Amino acid sequence: MLDVQILRNDLENVTTKLTERRNFTLDIDAFVTLESERKTVQSDTEALQAQRNSISKEIGHAKKSGDEQKASQLMARVGEFADRLKSNEEKLGDIQAKIYDLLSEIPNVPNDSVPIGKTEDDNVEVKKVGVPRNYDFKPQDHVDLGEKLGALDFERATKITGSRFSLMMGGVARLHRALAQYMLDTHTSRHGYTEVYTPYLVNADSLFGTGQLPKFEEDLFSIPLSDDQNFYLIPTAEVPVTNIYRGEILSINQLPTKFVCHTPCFRSEAGSYGRDTRGMIRQHQFDKVELVQFAHPDHSYDQLEELTGQAESILIDLEIPFRTVTLCTGDMGFSSAKTYDIEVWLPGQNAYREISSCSNFEDFQARRMQTRFRAGKNKTEFVHTLNGSGLAVGRTLIAVLENYQLQDGSIEIPQVLKSYMGGVEVIEPS
RNA sequence: GGAGAGUUGGCCGAGCGGCUGAAGGCGCUCCCCUGCUAAGGGAGUAUAGGGUUUAUAGCCCUAUCGAGGGUUCGAAUCCCUCACUCUCCGCCA
């Protein structure tokens, strides 16, 4: 959420940036009207409240000294404007709620270092690591590989639940687990993250905090609790982990705090019908190891570089080619101020595909969550939050299957995973 | 699921219709005293919003004692709903 003060003081500049960079048109007239209304109603209301408070105090004194007549005179005076006060208070509440609603639907303003653009074609490559292998056979994609291994079964997954779910068995299921374990171990022992385990169902406040609500409810799976309350399946560990400190004031020496968390993620994928329907690229359920940081505002961009590098290191260890791009303004998520995507090479698709997204949200989420730190004596300031996939486990699995395939369709195990595979060196058809 | 007790500032804890934005203690900050690992004295110490101001400070005002609603001239204090915590019983991995 943007700071309402910025809109009050610098409306032109912000709306221009939102239009140019986000293709988001803020209803300036609505905002200005609401604001000026708010101003007069608030002043009036508070003046009346002050008057009521001081008269009430006098009533107290009068009663104490036994002057009942004076007391009832004073009460009558309050009665003269009681209705006006009440309606003013209601009106003010309405206006403030409207302003809040307006504000909570405005996306974050991209950082100045973010390239301007409309679509993913305008993203800027910042790094390319590794060279795609030359196969002396036609590489298969993970669907063919997995099915021939008898280890990936989309038909049965569809029978059990429906489309966009997957069933893994045997060596591939174990490889999937090995990847998650390897990522967790790397980020905790080498990169200094604290491992956390969180609920997979969250409430609406948490989703508001990280920015999925109120605008993106249709992307979530929800479980009704009562007429007006839902639990939601987490679309990413970002939600429960970032909300760990919702409503809290951290001490400055807690910054940066770094958490890593392995969870399943659930996404309804509404609006992406027909895209990536083959295989397990785009699923309703997938595992992800997520990195989350709470940073001091002065250092959050350094932290973003660090975090992105830590995510990349997993692919470097696995010796799989990838590239990193800076998302252009038009391709960024709602809450982000700057995002790097890491794209892994998939021989089966002959393309680089997103495997991680690393973002600095600056104080956008922190303001929604009211997560602050004590910057000095009696001064609190919003923290900056960051997160990134380190990495999406399902897509990493795809990358390993496709990049490590042998001519006969069996899969070599990457060196760093061997100790997690209980001696298995190659996954062969069962 | 049943029965009961709670939820107050960074922490502990008092208050149970008016003089309470909130006693007291701890912690923290500053000052004084003390020639010294200690002790004593004093002052300060919530957040958000609005107004005033070129702006900061200051000053004025408003809101906030789990959340929301109600009663009242006036609510931390009374009533209702909800959430959460604790204790005992039941059930359970």
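Naming: A, B, ... by sequence-line order, numbering from 1 per chain. Since the structure is predicted, the reported quantities are computational estimates derived from the model, not experimental observations.
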**Student:** Give the ring-plane orientation class for A:His187 versus A:His191, where under 30° counts as parallel, over 60° as perpendicular and anything between as tilted.
**Tutor:** tilted

**Student:** Tell me which nucleotide among B:A48, B:G49, B:G18 gets nearest to the side chain of A:Ser56.
**Tutor:**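 Closest nucleotide among those given: B:G18.
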
**Student:** Using atom CZ of A:Phe382 as one end and atom P of B:A48 as the other, report the distance to the nearest whole Å.
**Tutor:**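 The distance from CZ of A:Phe382 to P of B:A48 comes to 8 Å, rounded to the nearest Å.
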
**Student:** Quick check: on RNA chain B, is the nucleotide nearest A:His61 upstream (toward 5') of the one nearest A:Asp3, or the reverse? Name the residue that is more 5'.
**Tutor:**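 Counting from the 5' end, the first nearest nucleotide belongs to A:His61.
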
**Student:** Counting Watson-Crick and G-U wobble pairs only, both distances under 3.5 Å, name the nucleotide matched with B:G58, or none.
**Tutor:**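 Because both required distances fall under 3.5 Å, B:G58 counts as paired with B:U52.
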
**Student:** Can you tell me how far P in B:A83 sits from the matching atom in B:G68, rounded to whole Å?
**Tutor:** 15 Å

**Student:** Tell me the interatomic distance from A:Gln42, atom CD, to B:A48, atom P, rounded to whole angstroms.
**Tutor:**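 About 15 Å, once rounded to whole Å.
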
**Student:** Which label fits A:Phe259 and A:Phe294: parallel for a plane angle under 30°, tilted from 30 to 60°, or perpendicular past 60°?
**Tutor:** perpendicular

**Student:** Only pairs with both distances under 3.5 Å count, Watson-Crick or wobble alike; so what is the partner of B:U85 in this structure?
**Tutor:** B:A5

**Student:** Just checking A:Phe334 against A:Phe364, ring centres under 6.0 Å apart?
**Tutor:** yes

**Student:** Output the rounded distance in Å from CD1 (A:Ile252) to P (B:G10).
**Tutor:** 18 Å

**Student:** B:C36 pairs with which nucleotide, Watson-Crick or G-U wobble, both distances below 3.5 Å?
**Tutor:** none

**Student:** Which comes earlier along RNA chain B counting from the 5' end, the contact point of A:Glu35 or that of A:Val78, where each point is its nearest nucleotide?
**Tutor:**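 The 5'-side residue here is A:Glu35.
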
**Student:** Partners of A:Asp317 by salt bridge (Lys or Arg N to Asp or Glu O under 4.0 Å), sequence neighbours excluded?
**Tutor:** A:Arg190

**Student:** I'd like to compare against my own output: the B/S/- annotation of nucleotides 55-69 of chain B with a strict under-4.0 Å heavy-atom distance to protein.
**Tutor:** ------BSS------

**Student:** Using whole Å, what does the distance between atom C1' of nucleotide B:U47 and atom CD of A:Gln370 come to?
**Tutor:**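 That distance rounds to 9 Å.
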
**Student:** For B:G15 versus B:G25, give the span between their C1' atoms, rounded off to a whole number of Å.
**Tutor:**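 Each nucleotide's C1' atom is 15 Å from the other's.
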
**Student:** Sort out the partner of B:A23 for me: Watson-Crick or G-U wobble, both distances under 3.5 Å, none otherwise.
**Tutor:**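 Its partner is none (no Watson-Crick or G-U wobble pair with both distances under 3.5 Å).
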
**Student:** Tell me whether the side-chain N/O atoms of A:Lys39 come closer than 4.0 Å to OP1 or OP2 in B:G51.
**Tutor:** yes

**Student:** Just the rounded figure in Å: distance from P of B:C73 to CG of A:Asp67.
**Tutor:**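 Atom CG in A:Asp67 sits about 18 Å away from atom P in B:C73.
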
**Student:** Does B:C28 have a Watson-Crick or wobble partner in any strand here, with both distances under 3.5 angstrom, and which is it?
**Tutor:**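 Matched B:C28 with B:G44 under the 3.5 Å cut-off.
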
**Student:** Determine the interplanar angle of the A:Phe373 and A:His296 rings, folded into 0 to 90°, and report it as parallel if under 30°, tilted if 30 to 60°, perpendicular if over 60°.
**Tutor:** tilted

**Student:** Expressed as a whole number of angstroms, how long is the span from A:Lys86:NZ to B:G70:P?
**Tutor:** 6 Å

**Student:** Across all strands shown, which nucleotide pairs with B:G18 by Watson-Crick or G-U wobble geometry, both distances under 3.5 Å?
**Tutor:** B:C73

**Student:** Quantified in whole Å, what is the P atom distance between nucleotide B:G44 and nucleotide B:C60?
**Tutor:** 16 Å

**Student:** Has A:Arg368 got its NZ or CZ under 6.0 Å from the middle of the six-membered ring of A:Phe208, at an angle within 45 degrees of the ring axis?
**Tutor:**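 The answer is yes; both the distance and angle limits are met.
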
**Student:** Which nucleotide, if any, forms a Watson-Crick or G-U wobble pair with B:C91, using both distances under 3.5 Å?
**Tutor:** none

**Student:** Rounded to the nearest Å, what distance is computed from the CD1 atom of residue A:Ile55 to the P atom of nucleotide B:U72?
**Tutor:** 18 Å

**Student:** Mind checking the CG-OG spacing from A:Leu213 to A:Ser222? Nearest 0.5 Å is all I need.
**Tutor:** 9.5 Å

**Student:** Between A:Ile249 (CD1) and B:A48 (P), how many Å, whole number?
**Tutor:**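 Going from CD1 in A:Ile249 over to P in B:A48 covers 8 Å.
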
